[in-house]
Engineer: 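Handing you a structure now.
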Protein chains: 2
Amino acid sequence: MGPHTIEMTNDIEHRLKNKDINPTAMRLLVLDFLTKQVAAISLNDLEKGMGPSDRITLYRTLKTFEEKGLVHSIEDGTGATKYALCEDNCDGDQHHDLHVHFYCNTCKETFCLPNTKIPEISLPKRFQTEEMNLIIKGICDQCHPG
Amino acid sequence: MGPHTIEMTNDIEHRLKNKDINPTAMRLLVLDFLTKQVAAISLNDLEKGMGPSDRITLYRTLKTFEEKGLVHSIEDGTGATKYALCEDNCDGDQHHDLHVHFYCNTCKETFCLPNTKIPEISLPKRFQTEEMNLIIKGICDQCHPG
DNA sequence: ATGACGATGCAATGCTATTGCAATGTTAGC
DNA sequence: GCTAACATTGCAATAGCATTGCATCGTCAT
Ligand SMILES: [Mn+2]
Ligand SMILES: [Mn+2]
Ligand SMILES: [Zn+2]
Ligand SMILES: [Zn+2]
């Protein structure tokens with residue numbers, strides 16, 4: 001544990017406090033792990049990636065993070081919910097990342113595409129939109145041939 | 001069983017044969033039930049709506065229908081897969097109903113919006129689309145206030 | 001100190017999806 | 001018609017994920 005770790009911990013700690021989350025040791029570790037991910041992860045991924053820790057505690061940690069607007073969950077059709085860090089302007093009441101999620105049929109990873117927003121959809125009369133969820137499946141940039 | 005029933009059965013039977021599905025008694029009943037639905041249904045809904053019948057057989061019937069392009073499945077985020085009849089031009093290789101699905105937060109029903117197509121999405125470089133799934137959640141026309 | 005409150009760990013449960021296998025029904029060839 | 005192949009159905013079992021209950025533990029304010 002050198003000064004680097006301390007600075008990292010303080011940074012992570014502030015991110016938790018900013019979202020009104022009590023920064024426990026477990027939560028610091030989980031958030032640190034989440035920031036290192038390039039793709040959305042499942043509870044299983046988290047359990048495997050973390051040191052030995054209780055699955056249910058990790059589950060509740062993710063739920064807490066989601067409630068507080070620190071992460072959002074993604075139903076990508078694989079059966080296991082995926083989680084990824086939110087953009088900064090999310091909070092517990094409202095998630096503001098209405099971006100597209102991409103599931104790669106080759107590497108089986110789920111990616112947030114934060115710069116690819118879901119376009120406005122004109123619904124039939126008297127249908128009122130509250131949330132949108134767009135999953136695109138295909139081949140990701142890393143797995144693209146040629 | 002009057003002439004009405006016989007005509008109905010023959011109609012349903014032809015729809016199965018057109019999709020290359022062996023028209024068994026069970027399948028006739030399931031397809032008949034599906035045609036009467038206004039919303040997409042889960043396996044549970046089907047089990048409750050049908051007479052006493054085996055859940056697994058119903059499950060496999062839906063899977064067969066899906067393989068043959070007679071129904072498509074919808075992951076609406078509720079945890080239970082929903083099923084709805086396809087448009088006529090679907091087949092086993094390709095489902096052509098890239099329409100929006102709507103989940104009503106009030107009545108908890110999932111609807112196909114066959115006339116609301118998913119727009120083209122411009123993805124980042126080297127991402128290749130193979131499938132799209134857009135779920136919109138909100139308030140449906142029937143539950144709309146005022 | 002101690003009592004309240006939140007966080008954690010462990011056990012148990014519920015629900016959906018999926019497969020194995022035996023029994024049954026159906027069809028085509030003989 | 002008989003029979004063997006094949007498809008369908010019914011029942012049992014399993015897997016996997018999500019979720020809750022409860023006891024324990026830690027922390028913090030009084
Ligand atoms: Mn995302
Ligand atoms: Mn549909
Ligand atoms: Zn990939
Ligand atoms: Zn409704």
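Chain identifiers are assigned alphabetically (A, B, ...) following the order of the sequence lines, protein sequences preceding nucleic acid strands; residue numbering begins at 1 within each chain. Scope of the values below: all heavy atoms of this structure, side chains included, with no hydrogens, waters or symmetry mates.
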Engineer: Okay, side chain of B/Thr64, backbone of B/Leu62: is any donor-acceptor separation there less than 3.5 Å?
Structural biologist: no
Engineer: Would you find a donor on one side and an acceptor on the other, under 3.5 Å apart, between the side chain of B/Lys82 and the backbone of B/Leu43?
Structural biologist: no
Engineer: Check this for me, if you would: do A/Glu87 and A/Lys117 make a salt bridge, where the nitrogen-to-carboxylate-oxygen distance has to be below 4.0 angstrom?
Structural biologist: yes
Engineer: For the side chain of A/Lys108 and the backbone of A/Thr78, is there at least one donor-acceptor N/O pair under 3.5 Å apart?
Structural biologist: no
Engineer: Nearest whole Å is fine: how far is D/dC11 C1' from B/Arg55 CZ?
Structural biologist: 14 Å
Engineer: Distance-only check: which donor-acceptor pairs under 3.5 Å involve side-chain atoms of residues 131-146 of chain B, not counting sequence neighbours?
Structural biologist:
unit_1   : atom_1 : unit_2  : atom_2 : d
B/Lys137 : NZ     : B/Asp76 : O      : 3.3

Engineer: Rounded to whole Å, how long is the line connecting atom CD of A/Glu47 with atom P of D/dC17?
Structural biologist: 10 Å
Engineer: Look at the side-chain N and O atoms of A/Tyr59 and state whether any lies under 4.0 Å from the OP1 or OP2 oxygen of D/dA18.
Structural biologist: no
Engineer: Heavy atoms only, 4.0 Å cut-off, all strands: where does B/Thr57 land among base, sugar-phosphate and nothing?
Structural biologist: base
Engineer: Taking the side chain of B/Thr24 as its heavy atoms from C-beta onward, which of D/dC11, C/dT16, D/dT8 lies nearest to it?
Structural biologist: D/dT8
Engineer: Once you round it to whole Å, what is the distance between C1' of D/dA7 and NZ of B/Lys17?
Structural biologist: 16 Å
Engineer: Could you tell me whether the phosphate oxygens of C/dA17, OP1 or OP2, come under 4.0 Å of any side-chain nitrogen or oxygen in B/Lys63?
Structural biologist: no
Engineer: What is the distance, rounded to the nearest whole Å, between atom CG of A/Leu29 and atom C1' of C/dT8?
Structural biologist: 14 Å
Engineer: I'd like to know if A/Ile56 and A/Ile21 are part of one continuous hydrophobic network [Ile/Leu/Val/Met/Phe/Trp/Tyr, side-chain heavy atoms within less than 4.5 Å].
Structural biologist: no
Engineer: In this structure, how many angstroms lie between the C1' atom of D/dT8 and the CD1 atom of B/Ile21, rounded?
Structural biologist: 14 Å
Engineer: Can you figure out which of D/dT9, C/dC10, C/dA17 approaches the side chain of A/Asp54 most closely?
Structural biologist: C/dC10
Engineer: Is the backbone of A/Asn22 close enough, under 3.5 Å, to the side chain of A/Arg27 for a donor and an acceptor to pair up by distance?
Structural biologist: yes
Engineer: Let me know the distance between CD of A/Glu67 and C1' of C/dA7, rounded to the nearest Å.
Structural biologist: 14 Å
Engineer: When you measure from every atom of DNA chain D, which of residues 69-85 of chain B have a heavy atom less than 4.0 Å away?
Structural biologist: none
Engineer: Verify the contact: side-chain N or O of B/Asn22 to OP1 or OP2 of C/dT26, cut-off strictly under 4.0 Å; return yes or no.
Structural biologist: no
Engineer: To the nearest Å, how far apart are A/Leu62 CG and C/dT8 P?
Structural biologist: 12 Å
Engineer: For atom CG of A/Asp88, is the number of surrounding heavy atoms from other residues, nucleotides or ligands below 6.0 Å larger than 12?
Structural biologist: no
Engineer: All N/O contacts under 3.5 Å from nucleotides 21-29 of chain D to the protein, with atom names and distances to one decimal?
Structural biologist:
unit_1 : atom_1 : unit_2  : atom_2 : d
D/dG21 : O6     : A/Arg60 : NH2    : 2.8

Engineer: Under a 4.0 Å N-O cut-off, is there an ion pair linking B/Lys36 with B/Asp32?
Structural biologist: yes
Engineer: Would you kindly give the CE-to-C1' distance between B/Met26 and C/dA23, to the nearest whole Å?
Structural biologist: 15 Å
Engineer: Do the charged groups of B/Lys17 and B/Glu13 touch, with an N to O distance under 4.0 Å?
Structural biologist: yes
Engineer: Closer than 4.0 Å, any side-chain N/O of A/Asn44 to the OP1 or OP2 of D/dG16?
Structural biologist: no
